[in-house]
Q: 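Sharing a structure below in structure tokens format, with a few things to ask.
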Protein chains: 2
Amino acid sequence: MGNKGEALRQRIIAAADELFYQQGYEHTSFSDIADVVGISRGNFYYHFKSKDEILNAVIGARIAGIEVMLDEWDEKFTDPLQRLYYYIDMLLRAQEEICLHGCPIGSLCTELAKTNHEMLNDANKMFTVFRDWLMVQLNLLGVKKNVKKIAMHFIARVQGIVTVTNAFEDKEFLQQEVKQLKKWLDDEVVFPESSNRQS
Amino acid sequence: MGNKGEALRQRIIAAADELFYQQGYEHTSFSDIADVVGISRGNFYYHFKSKDEILNAVIGARIAGIEVMLDEWDEKFTDPLQRLYYYIDMLLRAQEEICLHGCPIGSLCTELAKTNHEMLNDANKMFTVFRDWLMVQLNLLGVKKNVKKIAMHFIARVQGIVTVTNAFEDKEFLQQEVKQLKKWLDDEVVFPESSNRQS
DNA sequence: CAAACTGTAGGACGACCATCCTACAGTTTC
DNA sequence: GAAACTGTAGGATGGTCGTCCTACAGTTTG
């Protein structure tokens, strides 16, 4: 059946996912993953031909995980504005991990860019999934102009908050920025008093 | 005299600085630096006792370099608003490098956080130098409330732009975000129409 | 000139890493 | 029950890394 092998494969991916987030991709060795999963080092090559292949599987799993999560959000909230608030509040819900390890997506992309890794172009698709979802919510809110730009801006705002929070290990900064980001969403995106400021 | 030795020490720091930016700290080996400088590998330990000591020297050199740069900006522009524009335009001036390697400060902090490196608390001082300078300029502009928060917010905005630009290797995104950041500076910080939005 | 110091070179080390290979146990298929 | 396949274990390999050590050339100091 290969059921047992597939289950182990999933456990390897899950362990690698967490370790890549906590320690970074390059800094995580096969031994690290093997220790967590509880299998032998060399046996890895039965499931994955190379370390890059694990990275590829982790990126795929993360993208799938994000899509599932966003579907759940869509079910949980009918109001697109509530969904966007929930997106921002993700920062609060994950504040401990963010303080310690930053953003799983942003920090991986930063690392892959540094090592000139070809898979950067796959990794940044994790952002794209969020972006597309954000665009849908903005559309539902009646935002007509510059929807894609606003969505990308949104993501960049979140990334900035995470980078600085992580660099200073400062949860308070994160908390006050979350408030400000919500205010921006209210004042500048949903109910722009004057003309649309996004140029 | 030790003059020759000191000169070489400076060349090592400069080479390490550039390589750490382009390749990351962990991913840069002694051999890499030695090749660039043109000296033997083992001889490193005459000038630096460990790799961490080079990192320490690089951080120190960067902080000194930033301080010199900001002093030059202060001389070049008398208007604090012009100085802040020039700060934002730094993104445009460095857009090629940002696309390829991100922010020298942000990406280093991200990496050090991942490896639980003690020197993160020294590295984030590079941000602090910018923050303090920003606070001075904001004060000169007559901003009285939340000056520190606005300065940190400023830095986070820049970091977000850099992270996304780097992840997507997208200079156009950087360019449009620069425009938006200037608009924010004008509308929300310098001439806030309604009440001060920074809470 | 001899001794001491400064600076450089390059090899040796032990550790770790990704990868490969072979051996072997368990299951399935014929 | 023999053959084939699935899955696991663990050692071997070759490379790279940070670090250490010794040798040596050049300069300075006595």
Side-chain angles (χ1 to χ4, degrees), chain A residues 1-59 108 111-112 114-119 123, chain B residues 1-59 108 111-112 114-120 122-123:
Chain A
M1 288 298 108
N3 244 353
K4 200 177 173 190
E6 184 57 26
L8 179 55
R9 191 188 147 89
Q10 291 307 318
R11 274 173 57 214
I12 292 173
I13 293 174
D17 189 344
E18 194 176 356
L19 285 171
F20 289 172
Y21 175 42
Q22 292 171 349
Q23 310 185 341
Y25 172 62
E26 293 249 17
H27 196 248
T28 300
S29 71
F30 277 76
S31 299
D32 292 335
I33 305 173
D35 286 351
V36 170
V37 180
I39 62 165
S40 110
R41 217 169 335 115
N43 188 28
F44 255 104
Y45 285 76
Y46 178 77
H47 299 277
F48 300 94
K49 263 175 281 181
S50 70
K51 202 182 174 188
D52 281 0
E53 205 172 297
I54 298 186
L55 175 60
N56 194 47
V58 166
I59 291 174
L108 180 61
E111 183 180 352
L112 296 182
K114 280 258 184 269
T115 51
N116 261 318
H117 204 292
E118 337 157 312
M119 228 167 278
Chain B
M1 290 296 110
N3 244 353
K4 200 176 171 190
E6 183 58 24
L8 179 56
R9 192 188 147 89
Q10 292 307 319
R11 276 172 54 214
I12 292 174
I13 295 174
D17 189 343
E18 195 176 355
L19 285 172
F20 289 172
Y21 174 41
Q22 293 170 349
Q23 312 185 341
Y25 172 63
E26 294 249 17
H27 197 249
T28 300
S29 70
F30 277 77
S31 298
D32 292 334
I33 306 173
D35 286 350
V36 169
V37 180
I39 62 165
S40 112
R41 218 169 332 117
N43 186 29
F44 254 104
Y45 284 75
Y46 178 76
H47 298 277
F48 299 94
K49 263 175 280 181
S50 70
K51 203 183 173 187
D52 281 359
E53 205 172 297
I54 299 187
L55 175 60
N56 194 48
V58 166
I59 291 173
L108 181 61
E111 184 180 352
L112 296 182
K114 280 258 183 271
T115 52
N116 262 319
H117 205 293
E118 336 157 313
M119 227 167 277
L120 172 62
D122 300 299

Q: Measure CD1/B/Ile33 against P/C/dA9 and give the value in whole Å, please.
A: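 My rounded result for the distance is 15 Å.
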Q: B/Ile39 side chain: which of C/dA9, D/dA9, C/dC17 is closest?
A: C/dA9
Q: Mapping A/Asp32 and A/Asn43 onto DNA chain C by nearest heavy atom, which one lands closer to the 5' end?
A: A/Asp32
Q: Heavy-atom distance under 4.5 Å between the side chains of B/Tyr25 and B/Val58, does that happen here?
A: no
Q: With the side chain of A/His47 defined as its heavy atoms from C-beta on, choose the nearest nucleotide among C/dT19, C/dA9, D/dT8.
A: D/dT8
Q: Starting from P on D/dC17, measure out to CZ on B/Phe48 and report it in whole angstrom.
A: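 In whole Å, D/dC17 P and B/Phe48 CZ are 19 Å from each other.
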Q: Is a donor from one side chain sitting under 3.5 angstrom from an acceptor on the other, for B/His117 and B/Asp52?
A: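 The criterion, which ignores hydrogens and geometry beyond distance, is satisfied for B/Asp52 and B/His117.
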Q: Is there a side-chain contact between A/His27 and the phosphate of C/dC17, meaning an N or O under 4.0 Å from OP1 or OP2?
A: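 Answer no for this pair, as no side-chain N or O of A/His27 is under 4.0 Å from OP1 or OP2.
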Q: Evaluate the criterion side chain to side chain contact (heavy atoms under 4.5 Å, CB included) for residue pair A/Glu26 and B/Glu26; output intermediate values, then yes/no.
A: CA-CA 9 Å; A/Glu26 293 249 17; B/Glu26 294 249 17; over 6 Å; no
Q: Can you tell me if the side-chain N/O atoms of B/Ser29 get under 4.0 Å from OP1 or OP2 in D/dC17?
A: yes
Q: Looking only at side-chain atoms of B/Tyr45, point me to the closest of C/dT8, D/dC20, D/dT8.
A: D/dC20
Q: Can you tell me how far P of D/dG7 sits from CZ of A/Arg11, to the nearest Å?
A: 14 Å
Q: In whole Å, I'd like the distance from the CD atom of B/Glu6 to the P atom of C/dG7.
A: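 Result: 9 Å.
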Q: C/dT8, D/dT19, C/dC17: which one has an atom nearest the side-chain heavy atoms of B/Lys51?
A: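 Taking heavy atoms from C-beta onward, the closest nucleotide is D/dT19.
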Q: Where the side chain of B/Arg41 is concerned, which of D/dT8, D/dA12, C/dA12 is the nearest nucleotide?
A: C/dA12
Q: CG of A/Asp35 versus P of D/dA9: gap in Å, rounded?
A: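 These atoms are roughly 12 Å apart.
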Q: Can you find a pair of side-chain heavy atoms, one from B/Asp122 and one from B/Leu112, that are under 4.5 Å apart?
A: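 When only atoms from C-beta onward are counted, B/Leu112 and B/Asp122 do not touch, as no gap falls below 4.5 Å.
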Q: Going by heavy atoms in the side chains, are A/Phe48 and A/Arg9 under 4.5 Å from each other?
A: yes
Q: Would you mind classifying the nucleic acid contact of A/Phe30 as base, sugar-phosphate or nothing, using non-hydrogen atoms under 4.0 angstrom?
A: sugar-phosphate
Q: Would you say a side-chain N or O of A/Tyr46 is under 4.0 Å from OP1 or OP2 of D/dT8?
A: no
Q: From NZ of A/Lys49 over to P of C/dC21, roughly how many Å is that when rounded to an integer?
A: 14 Å
